[in-house]
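First up is the structure itself, then whatever we jot down about it.
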Amino acid sequence: EVQLVESGGGLVQAGGSLRLSCVASGFTWEDYAIGWFRQAPGKEREGIAYISGGDGRTRYSEFLRGRFTISSDNAKNTVWLHMNSLKPEDTAVYSCAAEEYTTVQRMGAMPNIFGSWGRGTQVTVSS
């Protein structure tokens with residue numbers, strides 16, 4: 001029912017910028033939170049940020065705050081992740097995920113709380 005499709009990944013030099021998009025469908029936008037996550041080879045998936053479809057509130061992981069920005073366009077059912085000052089350590093598969101906002105509020109924004117996931121898009125940052 002819920003579908004999410006990421007795009008915008010690719011190869012970028014260190015210090016560069018990239019914008020990822022996540023197009024969502026199959027649910028009531030205003031009732032959900034959409035989050036961005038990433039997973040590097042051999043490492044666990046980690047959260048980046050999420051945004052509420054209802055009121056646009058955002059939350060960020062502290063280690064990326066200031067370089068990455070999440071935004072949305074409810075009319076287009078799209079969430080973006082703007083990435084600036086990219087580092088080789090940012091190389092990973094980036095995925096978007098959706099979950100009912102009340103659940104996120106109650107249980108937290110850990111990856112295992114989000115029930116619907118896109119397939120991911122590869123971001124590679126060269127030194």
Side-chain angles (χ1 to χ4, degrees):
E1 180 68 17
V2 178
Q3 292 185 320
L4 305 102
V5 180
E6 306 96 334
S7 63
L11 177 64
V12 62
Q13 292 184 340
S17 300
L18 207 61
R19 183 179 68 179
L20 308 181
S21 66
C22 172
V23 179
S25 62
F27 60 93
T28 302
W29 182 266
E30 292 77 10
D31 295 337
Y32 276 73
I34 308 295
W36 280 101
F37 303 82
R38 71 182 187 183
Q39 186 169 26
K43 297 185 178 180
E44 295 183 349
R45 179 173 286 162
E46 59 184 358
I48 299 171
Y50 74 86
I51 188 167
S52 169
D55 58 17
R57 289 187 174 185
T58 60
R59 297 291 185 273
Y60 293 87
S61 296
E62 288 297 324
F63 78 102
L64 290 174
R65 191 165 191 155
R67 294 198 299 119
F68 289 15
T69 303
I70 191 170
S71 62
S72 66
D73 184 337
N74 289 7
K76 298 180 179 179
N77 288 351
T78 301
V79 175
W80 293 275
L81 182 68
H82 298 80
M83 306 185 293
N84 301 311
S85 301
L86 285 164
K87 307 173 182 179
E89 306 91 88
D90 295 321
T91 296
V93 174
Y94 286 71
S95 302
C96 62
E99 183 54 63
E100 293 177 349
Y101 187 59
T102 55
T103 299
V104 175
Q105 288 182 303
R106 183 175 68 254
M107 304 297 296
M110 296 169 289
N112 62 298
I113 299 301
F114 287 76
S116 301
W117 292 81
R119 293 183 179 274
T121 184
Q122 176 71 45
V123 172
T124 303
V125 184
S126 61
S127 59

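Throughout, residue positions are numbered sequentially from 1 according to the sequence presented.
Note on residues 4-33: no pairs pass salt bridge (Lys or Arg N to Asp or Glu O under 4.0 Å), not counting sequence neighbours. Applying the ring-ring contact (aromatic ring centres under 6.0 Å, His included) test to every pair with at least one member in residues 13-40, sequence neighbours left out, gives these pairs: Phe27-Tyr32, Phe37-Phe114, Phe37-Trp117. Listed by first and then second residue, the salt bridge (Lys or Arg N to Asp or Glu O under 4.0 Å) pairs involving residues 67-81 are Arg67-Asp90 (not counting sequence neighbours). The salt bridge (Lys or Arg N to Asp or Glu O under 4.0 Å) analysis of residues 93-122, with sequence neighbours excluded, yields no pairs.
Nearest heavy-atom pair, Gly53 versus Asn74, reported as atom, atom and distance to 0.1 Å: O-ND2, 3.0 Å. Contact between Leu4 and Ala24 at its shortest, heavy atoms only, is CD2-CB, 4.2 Å. The minimum heavy-atom distance between Gly35 and Tyr50, with the atom names listed, is CA-CB, 3.6 Å. Across Thr78 and Ser21, no two heavy atoms sit closer than the pair CG2-CB, 4.3 Å. Asn84 and Ser17 make their closest contact through OD1-OG, 3.0 Å (heavy atoms, listed as atom of the first residue, atom of the second, distance). Here the closest heavy-atom approach between residue Val2 and residue Gly26 is recorded as CG2-O, 3.9 Å.
Note that OG of Ser126 is 10.0 Å distant from CG of Leu86, once rounded to the nearest 0.5 Å. With values rounded to the nearest 0.5 angstrom, Thr28 atom OG1 is found 10.0 Å from Asn77 atom CG. For the atom pair Trp80 CH2 and Cys22 SG, the distance stands at 10.5 Å (nearest 0.5 Å). Taken from OG in Ser52 to CD1 in Ile34, the straight-line distance is 9.5 Å, to the nearest 0.5 Å. Separation of atoms OH (Tyr94) and OG (Ser7) is listed at 15.0 Å; rounding is to 0.5 Å. The structure places OG1 of Thr69 at 11.5 Å from CD1 of Ile48, a figure rounded to the nearest 0.5 Å.
In this structure, the side chain of Thr91 engages the main chain of Val125 through a donor-acceptor pair within 3.5 Å. Side-chain atoms of Ser61 do not come within 3.5 Å of backbone N or O of Phe63 as any donor-acceptor pair. Tyr60 places a side-chain N or O within donor-acceptor distance of the main-chain N or O of Ile70, the cut-off being under 3.5 Å.
By the salt bridge (Lys or Arg N to Asp or Glu O under 4.0 Å) test, Glu46 is found to be paired with Arg38, residues two or more places apart in sequence or in another chain being considered. In this structure, the salt bridge (Lys or Arg N to Asp or Glu O under 4.0 Å) partners of Glu62, at least two apart in sequence or on a different chain, are Arg65.
Taken together through direct or relayed side-chain contacts under 4.5 Å among Ile, Leu, Val, Met, Phe, Trp and Tyr, Val23 and Leu81 form parts of separate hydrophobic clusters. In the hydrophobic clustering of ILVMFWY residues, with side-chain heavy atoms under 4.5 Å counting as a link, Phe68 and Val12 come out together.
The neighbour count for Gln122 CD, taken as heavy atoms of other residues, nucleotides or ligands under 6.0 Å away, is above 12. Under a cut-off of 6.0 angstrom, the local environment of CE in Met107 is sparse, with at most 12 non-hydrogen atoms contributed by other residues, nucleotides or ligands.
At a threshold of 4.5 Å between non-hydrogen side-chain atoms, the residues His82 and Ser71 count as touching. Side-chain atoms of Ser95 and Val93, non-hydrogen and from C-beta on, do get closer than 4.5 Å to each other.
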